[in-house]
Amino acid sequence: MKINNCFDNLVPNYLFADVARKTNEFAAANPDREVIRLGIGDVTLPLAPIVVAAMKKGCEDLMYRETFKGYPEYEGYDFVREAIAGYYKSFGVTVGADEIFVSDGAKSDCGNLPDIFSRDNTVLVTDPVYPVYVDANIMAGRKIVYASSNRENGFLAMPDENVKADMIYLCSPNNPTGAAYSAEQLKIWVDYALKNDAVIIYDAAYEAFIEDDSPRSVFAIDGARQCAIELCSLSKTAGFTGTRCGYTVIPKELERDGHNLHSLWYRRQATKFNGVSWPVQCAAAEVFSKEGLRQIQTNLEYYKTNAKIIAGALDELGIFYTGGKNSPYIWLECPNKMGSWEFFDYLLEKAAVVGTPGEGFGENGKGYFRLTSFNSREKTEEAVERIKAAVRGWKLDARC
Ligand code: PLP
């Protein structure tokens, strides 16, 4: 027998393992110094009380024959899909509840969606990139092309008319750069996709962090229903990283190559996915209730304030960055032209602060660094003071 030899084409990514190893070595060698982690990609605040109450009630339902639930529907319970459609409506976007598929998270969906597309398709991703888009398609043997996000375009790559792509992954607000597309920029991507008969797989996992007029959904853009699929997650929105729930929206009219994509995805899910558990769907629906939205907003504000504290420190230092607003991520140019691992080591040594070297997210991450706002307020404040001292110290060292 043979294995899928496309796995041989995966580039090993030791980024997070190397970050953990270096951090542990530093902590062991410096037991008197408190290490602060601003590289965390996971939420730290607990679930909202009203969401937990709904989950508990969902568990109790399972105790009684009258309310017990077995296999859920593949695409999610109607009341959850209605709640999500209502949420879209709250920011002015119309999607049908029957266009929504509830899932166990956006990572699975962005990795599994390619199942419905040909292996011969060319996949376009932006660089730097959330690595799942790349690896999932390399595993399936597809060709990847990169659109460059860089300082000149504010880390918001735009399409190149000379490049032909079939599947386009866009993530806005972006992980890792925190940058969010404007409606005008997204319209250019939508027009490009329509012209190329391509499909945009739009990852809106961080839409709840948007605070200006950047679109919360690709479906806010004219023409998107003819060329886009949207995925979203309750992970960062509502603290579901461990609980697991997300959703994917496929417009009913979206067709390619003579096939309806909504029907293909239903067929795929019905074959390989058996749905999200009753207690989790009860909890998910409650996220989108009036009180649920109010309670999750408290946590979102907490992270957003942390992000502003980090961004404020970079403003003071005169360091270029993207994100810090509309996003829990801050993507900064390493000061003094340091490489991203060089800056990692410098910050760890001088400030005992841990971030993520940008080059782990692609070529264009070289010389860049990602900080996140998921730590506590106290630790974030302490970390920025240390970062300021370390960067200013470098300037003084350099002058000597
Ligand atoms: N998409 C992006 C851009 C992410 O950053 C993440 C998580 O970090 C995910 C998807 C995964 O979301 P989920 O927890 O719903 O699988």
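All residue numbers refer to positions in the sequence shown, counting from 1. Read the numbers this way: they start at 1 and go in the same order the structure lists the ligands and their atoms. Just so it is clear, the model here is predicted, and its values are computed rather than measured.
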Any side-chain donor near an acceptor of the partner, N306 and R377, under 3.5 Å:
yes

Within-shell test, T241 vs ligand 1, heavy atom, strictly < 4.0 Å
no

contact_flag F240 ligand 1 heavy-atom lt 4.0 Å:
no

R244 heavy atoms within 4.0 Å reach ligand 1 at atoms 13 (P), 14 (O), 15 (O), 16 (O)

Ring center gap for W265 and F117 short of 6.0 angstrom
no

If the test is side chain to side chain contact (heavy atoms under 4.5 Å, CB included), which one of L254, T94, I250, V249 qualifies with E99?
V249

Could you label the plane-to-plane angle of the F320 and Y368 rings as parallel, tilted or perpendicular, counting under 30° as parallel and over 60° as perpendicular?
perpendicular

Y202-Y169 side chain donor-acceptor pair, cut-off 3.5 Å:
no

Contact atoms of ligand 1, heavy-atom distance to C171 under 4.0 Å
3 (C)

Going by the order shown, which atoms of ligand 1 are within less than 4.0 Å of some heavy atom of S235?
13 (P), 14 (O), 15 (O)

Numbered atoms of ligand 1 (with element) below 4.0 Å of K236, judged on heavy atoms:
7 (C), 8 (O)

I'd like to check which ligand 1 atoms, numbered from 1 as shown, lie under 4.0 Å from a non-hydrogen atom of D203.
1 (N), 2 (C), 3 (C), 10 (C)

Geometric class of the F343/F369 ring pair [parallel <30°, tilted 30-60°, perpendicular >60°]:
perpendicular

Is ligand 1 less than 4.0 angstrom away from at least one heavy atom of G246?
no

Please state whether Y133 comes within less than 4.0 angstrom of ligand 1, counting heavy atoms only.
yes

Donor-acceptor pair between Q295 and T298 side chains, under 3.5 angstrom:
no

